[in-house]
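Working notes for the structure below.
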Amino acid sequence: MSLPHAILTALLEKPSSGLELTRRFDRSIGYFWSATHQQIYRELGKLERDGLIRALPSAQATRGQKKDYEVLPAGRAELARWTAASQDPKPLRDTLLLRLRAAAVVGTDGIEAELRRHLALHQRQLTEYEEIERRDFPPGKDAIEDRLRHVVLRAGIDLETFWTQWLTRTLEELAES
């Protein structure tokens with residue numbers, strides 16, 4: 001149920017076409033809530049049918065023209081309801097952790113290379129998040145909206161820091177054996 005809420009959030013930040021929305025997902029929301037272009041377009045149709053968003057009127061009607069969408073009052077109310085609702089944390093599901101557990105019973109062939117690959121991926125993501133933080137959150141940018149966006153980014157930084165530290169320690173432990 002969260003994809004519609006991610007779309008409502010993005011459209012409240014800036015009315016957009018489906019294509020613009022998918023590009024924005026790729027550059028921001030997609031870091032923590034991914035969706036394919038097809039999923040986004042399908043969800044836009046559902047949100048419009050449910051009366052939560054509408055396509056903005058176009059200056060000229062032409063076939064195949066992009067539609068810009070905006071959130072209607074019912075969409076804002078749904079997003080506010082969802083934001084205020086209680087939700088329990090989701091249990092961690094990570095295939096790398098499962099694969100390490102399986103390696104304990106079938107052997108560790110290929111595991112070290114995979115751990116190094118994951119470490120490199122997490123280090124790259126951490127660097128990217130830190131660059132975004134430097135660029136988008138200079139000192140003094142402290143309106144509540146900015147602070148909320150920054151804490152979401154900080155969660156990504158903290159998670160990538162955790163993974164890089166954990167993977168480094170895991171590789172060191174495996175090297176001891």
Over 60° means perpendicular and under 30° means parallel, so classify the ring planes of Tyr129 and Tyr31, tilted if in between.
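Taking Tyr129 first and then Tyr31, their aromatic rings stand perpendicular (interplane angle over 60°).
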Looking at Arg135, I want to see if its CZ is surrounded by more than 12 non-hydrogen atoms of other residues, nucleotides or ligands under 6.0 Å.
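More than 12 heavy atoms, drawn from other residues, nucleotides or ligands, come within 6.0 Å of this atom.
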Go through the steps to decide whether Val71 and Leu79 satisfy the test side-chain contact (heavy atoms from CB on, under 4.5 Å), and finish with yes or no.
CA-CA 10 Å; Val71 177; Leu79 188 59; over 6 Å; no
Set of side chain to side chain donor-acceptor pair (under 3.5 Å) partners for Arg154, sequence neighbours left out
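For Arg154 the side chain to side chain donor-acceptor pair (under 3.5 Å) partners, ignoring immediate neighbours, are Glu133, Asp158.
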Give a yes or no on whether a salt bridge exists between Glu48 and Arg54, defined as a side-chain N under 4.0 angstrom from a carboxylate O.
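Here Glu48 does not pair with Arg54 in a salt bridge, since their nearest N and O are not under 4.0 Å apart.
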Output yes when Arg117 and Glu114 qualify as a salt bridge under the 4.0 Å nitrogen-oxygen rule, no when they do not.
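Yes, this pair counts.
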Could you check if a side-chain atom of Glu20 sits within less than 4.5 angstrom of a side-chain atom of Asp68, using non-hydrogen atoms only?
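Side-chain contact under 4.5 Å: yes.
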How far apart are the C-alpha atoms of Phe25 and Ser34, what are their side-chain angles, what is the distance that settles it, and do they pass the side-chain contact (heavy atoms from CB on, under 4.5 Å) test?
CA-CA 7 Å; Phe25 256 74; Ser34 62; over 6 Å; no
Ser16 side chain to Lys14 main-chain N or O, any donor-acceptor pair under 3.5 Å?
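Checking the backbone N and O of Lys14 against the side chain of Ser16, a donor-acceptor pair under 3.5 Å is found.
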Given the rule that I, L, V, M, F, W and Y join up when any side-chain heavy atoms are under 4.5 Å apart, are Leu44 and Leu72 in one cluster?
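As far as the 4.5 Å side-chain criterion goes, Leu72 and Leu44 are not connected within one cluster.
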When you group the ILVMFWY residues by side-chain heavy-atom contacts below 4.5 Å and let the links chain together, are Val152 and Trp163 in the same group?
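In one cluster with Trp163: Val152, no.
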Side chains of residues 165-176: which donor-acceptor partners sit under 3.5 Å, not counting sequence neighbours?
from   : atom 1 : to     : atom 2 : distance (Å)
Thr168 : OG1    : Thr164 : O      : 2.7
Thr170 : OG1    : Trp166 : O      : 2.8

Checking Leu19 against Tyr41 for the side-chain contact (heavy atoms from CB on, under 4.5 Å) test, could you report, in this order, the C-alpha distance in whole Å, the side-chain angles of both residues, the deciding distance, and whether it holds?
CA-CA 9 Å; Leu19 180 59; Tyr41 280 102; 3.6 Å; yes
For Arg149 and Asp146, run side-chain contact (heavy atoms from CB on, under 4.5 Å): C-alpha distance rounded to whole Å, both residues' side-chain angles, the deciding distance at 0.1 Å, then the answer.
CA-CA 5 Å; Arg149 288 182 186 106; Asp146 295 323; 4.1 Å; yes
Taking side chain to side chain donor-acceptor pair (under 3.5 Å) as the criterion, tell me which of His122, Arg124, Gln125 meets it with Glu160.
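Of His122, Arg124, Gln125, side chain to side chain donor-acceptor pair (under 3.5 Å) with Glu160 is met by His122 alone.
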